[in-house]
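To start, the structure under review is shown below, and the notes come after it.
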Amino acid sequence: MQWDKVLYPTNEQPLDRLIDGYSHTAVFRRIAFIGDSLSSGEFETVDDNGAHGYHDLYEYSWGQYIARKHGLTAFNFSRGGMTAKEFVNSFAAECGFWDTDKACQAYVIALGVNDLLNLRMPLGSVDDIGTDRETFARYYAEIVTRYKAIQPDAVFFFVTIPQSDDPVVQEQATALATLLHGFAQRFERCFVIDLFRYAPVYDARFREQFYLHGHMSPSGYIFTAQIIDSYIDWLVRHHPDTFRTIGFVGSGIAYT
């Protein structure tokens, strides 16, 4: 077996292939998924009067699909409508998400849709880290900083917004991707899951296949799980020095 050609195909890019069976995401045994409705398995209903209902069914979230596949523990630190500001100011504390008994080896952060597209919060920049500025960047960075204090050797994955056929979404998604790459350079042990660059465009054809009203269908969440799982697998395989000691993180075992 030529293991190097199997694990590292020539010029392989993220999402060149979707992983079947176990992936290297399984190196983690505890992962937290921080996000909004799309991280919560939310389904949208419409009644006879046209009123919309929103229902977080966490067992359908892409994080829980990944957890069941790999037999790992996954925490949904998420809720429909969540923003980085609300997570920092109230939600995390109210739900006990800062508690050390929920410390994880990896944190996947998928926020920005509600902050930038619904609340129109200023994006900000990496210069907002550690300030009191009312920007998305300030609150997002505070989430990272708080969890780094709880689990210093944890790994972080910052998820970008995929490209869209909606020009407003596309503009914000472009700016967010730039910010998250800046964060990954500023913070240690942080990577970008760049759906903006590598995932399918979320256009009309995509929505017809994978959406239920304004949110995803069950198949949409499964497909998202395959994408995130495959992307993390690619990152682990291509950065062995970062992940070779991940099994010790949170174990209480001293290691070099």
Side-chain angles (χ1 to χ4, degrees), residues 25 28-40 56 58 61-64 66-67 72-116 118-119 121-161 176-193 228 232 235 242-243 245-246 248-252:
T25 305
F28 304 107
R29 307 318 299 157
R30 288 167 66 92
I31 304 180
F33 296 95
I34 301 166
D36 49 33
S37 59
L38 295 178
S39 298
S40 304
D56 289 340
Y58 292 103
S61 68
W62 45 265
Q64 292 302 327
I66 292 172
L72 57 84
T73 298
F75 296 100
N76 283 102
F77 293 175
S78 62
R79 186 178 67 194
M82 187 53 52
T83 65
K85 180 178 180 178
E86 182 182 358
F87 191 93
V88 168
N89 285 346
S90 59
F91 181 63
E94 290 169 359
C95 297
F97 293 158
W98 303 129
D99 295 352
T100 56
D101 65 343
K102 296 185 180 69
C104 291
Q105 295 166 301
Y107 295 86
V108 180
I109 307 179
L111 289 167
V113 171
N114 293 308
D115 310 74
L116 304 177
N118 296 334
L119 294 185
M121 173 169 270
L123 178 67
S125 71
V126 294
D127 294 333
D128 296 339
I129 297 173
T131 71
D132 60 358
R133 297 169 188 163
E134 284 295 305
T135 67
F136 171 75
R138 170 263 180 106
Y139 287 107
Y140 194 104
E142 189 166 338
I143 294 171
V144 177
T145 302
R146 290 284 298 269
Y147 281 119
K148 277 186 168 292
I150 292 170
Q151 190 73 281
D153 293 328
V155 178
F156 290 77
F157 300 101
F158 305 147
V159 183
T160 67
I161 298 173
L176 176 64
T178 300
L179 175 68
L180 296 186
H181 279 284
F183 279 158
Q185 294 176 4
R186 181 68 65 91
F187 291 110
E188 294 183 351
R189 299 174 69 80
C190 294
F191 299 89
V192 177
I193 296 178
I228 299 295
I232 293 175
L235 287 168
T242 299
F243 296 100
T245 57
I246 199 67
F248 294 122
V249 176
S251 69

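The analysis underlying the following values was restricted to heavy atoms, covering all of them including side chains, and did not include hydrogens, waters or symmetry mates. Note that the structure is a prediction, hence the values are computed from the model and not measured.
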Begin with the C-alpha distance, continue with both residues' side-chain angles, and end with the deciding distance and a verdict on side-chain contact (heavy atoms from CB on, under 4.5 Å) for Val144 and Phe158.
CA-CA 10 Å; Val144 177; Phe158 305 147; 3.7 Å; yes
Donor-acceptor pairs under 3.5 Å, side chain of residues 124-131 to any protein atom, not counting sequence neighbours: which ones?
residue : atom : partner : partner atom : Å
Ser125  : OG   : Asp127  : N            : 3.2
Asp128  : OD1  : Arg133  : NH1          : 2.5
Asp128  : OD2  : Ser125  : N            : 3.1
Asp128  : OD2  : Thr135  : OG1          : 2.9
Thr131  : OG1  : Asp128  : O            : 2.8
Thr131  : OG1  : Arg133  : N            : 3.3

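Heavy-atom minimum distance, Ala84 versus Tyr140: CB-N, 3.9 Å. Taking both residues in full, the closest heavy atoms of Ser40 and Arg79 are given as OG-N, 3.3 Å, listed atom of the first, atom of the second, then distance. Contact between Val249 and Arg189 at its shortest, heavy atoms only, is CG2-NH2, 4.5 Å.
Salt bridge annotation for Lys85-Glu134: present, with a cationic side-chain nitrogen under 4.0 angstrom from a carboxylate oxygen.
Partner of Trp98 under the ring-ring contact (aromatic ring centres under 6.0 Å, His included) criterion, chosen from Phe75, Phe91, Phe77, Phe87: Phe87.
Note: Phe33 and Trp62 have perpendicular aromatic rings, judged against thresholds of 30 and 60 degrees for the angle between ring planes.
Atom OG1 of Thr83 is separated from atom CG of Leu119 by 6.0 Å, given to the nearest 0.5 angstrom. Atom-to-atom distance recorded for Ile150:CD1 and Asp99:CG is 8.0 Å, nearest 0.5 angstrom. With values rounded to the nearest 0.5 angstrom, Ile232 atom CD1 is found 5.5 Å from Ile31 atom CD1. Remark: Phe183 CZ to Ile109 CD1 distance equals 9.5 Å, nearest 0.5 Å. Atom CG of Asn114 is separated from atom CZ of Phe136 by 10.0 Å, given to the nearest 0.5 angstrom. Rounded to the nearest 0.5 angstrom, Ile143 CD1 and Arg138 CZ are separated by 11.0 Å.
Checking side-chain atoms of Lys102 against main-chain N and O of Ala32 turns up no donor-acceptor pair under 3.5 Å. Side chain of Arg30 to main chain of Gln105: no donor-acceptor pair is present (N/O by atom type, distance under 3.5 Å, no hydrogens or angles). For Asp36 (side chain) and Gly112 (main-chain N/O), no donor-acceptor pair under 3.5 Å exists by modelled atom type. At distances below 3.5 Å, not a single donor-acceptor pair connects side-chain atoms of Asp56 with backbone N or O atoms of Tyr58.
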